[in-house]
Visitor: 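First the structure, then my questions, so here it is.
Positions are given from 1, in the same order as the sequence printed here.
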Amino acid sequence: MPAKKAATRKRSTSTTKASANQDANAVSEFAANSEKVAEASKDVVESIEKACKTVSCLPHPALNIRKEPNSDAEVIGEYKNGAEVPCEKPVKGWAKTDDGYVMSKFLV
């Protein structure tokens with residue numbers, strides 16, 4: 001009988017080690033997936049924060065794109081009336097676009 005108990009104990013120990021390895025692998029996989037989810041969430045938030053607005057600056061034909069968010073900054077381009085412009089949430093009357101800054105009061 002004592003030999004049977006020792007064999008049972010050995011099987012039990014190896015089963016416990018295998019179970020611990022499976023748990024460790026599951027935790028590693030969960031951590032890796034959590035990082036992927038966090039990265040995907042960040043992309044979604046960025047796309048939500050960068051909404052498209054339509055340029056409406058009549059009677060002027062176009063809206064100036066400036067290098068910095070102020071009226072004295074260099075004009076580096078323009079958006080025509082009706083253009084769809086992806087931009088970030090306006091701050092102090094200016095919206096940052098992929099091309100520069102525009103006065104947010106002309107975006108609808």
Side-chain angles (χ1 to χ4, degrees):
M1 288 272 193
K4 237 182 187 180
K5 284 185 181 180
T8 304
R9 237 182 279 139
K10 278 187 181 179
R11 254 186 268 130
S12 176
T13 302
S14 65
T15 303
T16 303
K17 285 181 183 176
S19 178
N21 286 338
Q22 287 175 341
D23 289 347
N25 289 340
V27 168
S28 294
E29 188 175 328
F30 178 79
N33 287 336
S34 295
E35 287 177 22
K36 289 177 187 174
V37 168
E39 195 62 35
S41 298
K42 183 179 173 185
D43 292 343
V44 169
V45 168
E46 284 177 5
S47 68
I48 291 170
E49 288 176 347
K50 205 172 215 185
C52 283
K53 300 283 186 172
T54 304
V55 173
S56 177
C57 58
L58 293 174
H60 307 289
L63 175 62
N64 288 332
I65 304 167
R66 298 191 179 268
K67 193 171 186 173
E68 299 294 325
N70 68 62
S71 311
D72 298 325
E74 176 186 355
V75 175
I76 56 175
E78 64 181 29
Y79 293 121
K80 302 285 183 206
N81 267 312
E84 290 289 315
V85 180
C87 60
E88 295 175 10
K89 185 177 178 182
V91 176
K92 296 182 181 179
W94 292 88
K96 185 174 185 339
T97 70
D98 293 339
D99 302 308
Y101 293 88
V102 294
M103 293 183 80
S104 59
K105 70 182 181 181
F106 297 113
L107 300 175
V108 293

Visitor: Hydrophobic cluster mates of Tyr79, side-chain heavy atoms under 4.5 angstrom, ILVMFWY only, any path?
Guide: Val55, Leu63, Ile65, Ile76, Val85, Trp94, Tyr101, Val102, Met103, Phe106, Leu107
Visitor: Ser56: what forms a side chain to side chain contact (heavy atoms under 4.5 Å, CB included) with it, not counting sequence neighbours?
Guide: Val108
Visitor: Taking all atoms of both residues into account, what is the closest heavy-atom pair of Pro61 and Cys57, and its distance?
Guide: C-SG, 4.5 Å
Visitor: State, yes or no, whether a side-chain contact exists between Pro86 and Thr97 at a heavy-atom distance under 4.5 Å.
Guide: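 Result no, sub-4.5 Å side-chain heavy-atom pair not found.
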Visitor: Which pairs pass salt bridge (charged side-chain N to carboxylate O under 4.0 Å, His left out) with one or both residues in residues 53-78, sequence neighbours excluded?
Guide: Glu78-Lys80
